[in-house]
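The structure appears right after this line, and notes come after that.
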Amino acid sequence: MNPINEEESSRISMDALQNNMKQIDVTRSFLCIVGGVITGILGCTGFNGFLCFVLLYLSLALSIGLKINFDYMSYMHCTLTSFLLTDLQKNGLSFILFWTLTYALIYIY
């Protein structure tokens, strides 16, 4: 990956970059919540639940990568590792919250 030089960066719309990141953030948050609920309904506990999160997160990253032809610099102005690690903690906590809530409501109460 080549760093974007000054000439190329003047052609990038910051509004478009912000909109792309916002849409990806909303998609990730929503799917992590839905994935947490589904994992809780399936009754996954421990490592199995964590494995569900990892599979969900990687499949979402792969599907977004396919959609943008793996050209992260053009759409989000970030590298692959930056793309994968952005909001990982926030989405992981949302997943765990809804996973444990759903599991507790179905199997404990």
Side-chain angles (χ1 to χ4, degrees):
M1 293 255 165
N2 298 344
I4 295 178
N5 61 25
E6 195 171 311
E7 180 183 317
E8 290 177 353
S9 67
S10 65
R11 293 184 288 166
I12 295 175
S13 171
M14 293 309 286
D15 292 333
L17 284 175
Q18 288 177 345
N19 185 44
N20 291 342
M21 290 304 290
K22 181 179 176 186
Q23 292 299 320
I24 289 172
D25 181 48
V26 168
T27 304
R28 281 181 176 166
S29 297
F30 178 74
L31 286 179
C32 282
I33 290 170
V34 170
V37 169
I38 291 171
T39 303
I41 290 171
L42 293 175
C44 295
T45 59
F47 185 71
N48 292 333
F50 177 72
L51 185 62
C52 287
F53 172 70
V54 169
L55 290 175
L56 172 76
Y57 206 77
L58 290 178
S59 65
L60 179 59
L62 179 65
S63 64
I64 291 172
L66 287 171
K67 176 90 172 157
I68 63 173
N69 295 322
F70 298 99
D71 189 13
Y72 301 105
M73 284 300 231
S74 295
Y75 289 92
M76 292 162 287
H77 201 8
C78 65
T79 62
L80 175 62
T81 49
S82 175
F83 172 74
L84 290 175
L85 297 177
T86 301
D87 294 331
L88 181 65
Q89 182 181 7
K90 179 182 82 165
N91 293 326
L93 290 175
S94 296
F95 178 87
I96 291 171
L97 172 71
F98 283 92
W99 167 32
T100 55
L101 176 68
T102 307
Y103 182 85
L105 290 175
I106 292 175
Y107 294 101
I108 296 176
Y109 294 115

Self-check item: Whether Phe53 and Phe50 hold their rings parallel, tilted or perpendicular, with breakpoints at 30° and 60°
Solution: tilted

Can you get from [X] to [Y] by hopping between Ile, Leu, Val, Met, Phe, Trp and Tyr side chains that sit under 4.5 Å apart?
| X | Y | value |
| --- | --- | --- |
| Leu55 | Leu93 | no |
| Leu62 | Phe30 | yes |
| Leu51 | Leu56 | no |
| Leu66 | Leu58 | no |
| Val54 | Val34 | no |

How many angstroms lie between [atom1] in [X] and [atom2] in [Y], if you round to the nearest 0.5 Å?
| X | Y | atom1 | atom2 | answer |
| --- | --- | --- | --- | --- |
| Tyr107 | Leu42 | OH | CG | 7.0 Å |
| Leu17 | Cys78 | CG | SG | 9.0 Å |
| Met73 | Ile68 | CE | CD1 | 11.5 Å |
| Ile96 | Leu101 | CD1 | CG | 13.5 Å |
| Leu80 | Phe83 | CG | CZ | 8.0 Å |
| Asn20 | Ser13 | CG | OG | 9.0 Å |

Which atom of [X] lies closest to which atom of [Y], heavy atoms considered:
| X | Y | answer |
| --- | --- | --- |
| Leu60 | Leu31 | CD1-CD1, 3.4 Å |
| Ile33 | Ser94 | CG1-CB, 4.2 Å |
| Gly35 | Thr39 | O-OG1, 2.7 Å |
| Tyr72 | Ala61 | OH-O, 4.3 Å |

Quiz prompt | side-chain contact (heavy atoms from CB on, under 4.5 Å) between Ile38 and Phe98, intermediate numbers included | solution = CA-CA 9 Å; Ile38 291 171; Phe98 283 92; over 6 Å; no

Practice problem: Begin with the C-alpha distance, continue with both residues' side-chain angles, and end with the deciding distance and a verdict on side-chain contact (heavy atoms from CB on, under 4.5 Å) for Thr86 and Met21. | Solution: CA-CA 10 Å; Thr86 301; Met21 290 304 290; 4.2 Å; yes

Quiz prompt | Residue of the set Phe47, Phe95, Trp99 for which side-chain contact (heavy atoms from CB on, under 4.5 Å) holds with Cys52 | solution = Phe95

Practice problem: Report yes if some heavy atom in the side chain of Ile24 is under 4.5 Å from a heavy atom in the side chain of Tyr75; otherwise report no. | Solution: no

Self-check item: Selection residues 95-109 - residue pairs positive for salt bridge (Lys or Arg N to Asp or Glu O under 4.0 Å), sequence neighbours left out
Solution: none

Quiz item: If you look only at pairs with a residue in residues 23-33, which of them pass as a side-chain hydrogen bond (donor to acceptor under 3.5 Å, both in side chains), with sequence neighbours excluded?
Solution: Asp25-Lys90, Ser29-Asn91

